[in-house]
Amino acid sequence: AEARQMVAGIHVEGPFLSPLDGFRGTHPRKHIVEANIADMQRLLEAGRGLVRLVTLAPEHDAEFETLRYLVSQNVCVFAGHTDASFDCLKQSIDLGLVGFTHLGNGCPMEMHRHDNIIQRVLALSDRLYISLIGDGVHLPVWLLESWLKRLPTNKVILTSDSMSAAGMPPGEYLIQY
């Protein structure tokens, strides 16, 4: 009951992400799985009604079944850690995908200069909420400023990627949940 008073909702990022290096970001490959309704139901049950947002890679969701299920459960679905094609993204949007998680991150350092996930999402920015990590580390300040000038302001979500070890010097830290 106390969590419900303090937490507006839970964002589940994974395990339904691209297993490809670069796209999966720091998510361990061994925990990445194809999107499926059975695992999603378990995650929703574990969230006890607080799961409000799920990030998944739509190209790893056969027939978009998990996306459709989440939409039927009134959960917002964002794409992220993905190399979804332009057509896959458009089809996902038509089925209820509403946003993209931390554009410019969760992708390889080197990609095709024209046809890449960043350009695909920017081309669809009028149809998606776009989350940007605005800490000056995940995106250089000049790039963040450039995107903020060009993206629809009512479709931008600025977030941080901070956690309990934020600001600490390089090293190994025990993160307790």
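Note that this is a predicted model, so its numbers are computed, not measured. We're numbering straight along the sequence, starting at 1.
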Side chain to side chain contact (heavy atoms under 4.5 Å, CB included) test vs Leu103 passes for just one of Leu132, Ile133, Ile117, namely Leu132
Is a side-chain donor or acceptor of [X] paired with a backbone partner of [Y] at a separation under 3.5 angstrom?
| X | Y | answer |
| --- | --- | --- |
| Asp61 | Glu65 | yes |
| Ser146 | Trp142 | no |
| Arg68 | Glu63 | yes |
| Asn74 | Ser72 | no |
| Thr55 | Thr101 | no |

Going by atom types alone, do His138 and Asp135 pair a side-chain donor with an acceptor below 3.5 Å? yes
Could you check whether His81 and Glu13, counting side-chain N and O atoms only, form a donor-acceptor pair closer than 3.5 Å?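 Yes.
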Contact check, side chains of Phe100 and Ser125, non-hydrogen atoms, under 4.5 Å: no
Residues [X], [Y]: salt bridge by 4.0 Å N-O rule:
| X | Y | answer |
| --- | --- | --- |
| Arg120 | Asp83 | yes |
| Arg29 | Asp21 | yes |
| Lys155 | Asp126 | no |

Please report the C-alpha distance between Leu17 and Phe23 in whole Å, then the side-chain angles of each, then the deciding distance to 0.1 Å, and finally whether the side-chain contact (heavy atoms from CB on, under 4.5 Å) criterion is met. CA-CA 8 Å; Leu17 310 174; Phe23 291 106; over 6 Å; no
If hydrophobic clusters are built by linking Ile, Leu, Val, Met, Phe, Trp and Tyr wherever their side-chain heavy atoms come under 4.5 Å apart, do Leu53 and Val71 end up in the same one? no
Show, in sequence, the C-alpha distance, side-chain angles and deciding distance for Val156 and Trp147, and conclude whether the side-chain contact (heavy atoms from CB on, under 4.5 Å) test is met. CA-CA 10 Å; Val156 174; Trp147 284 354; over 6 Å; no
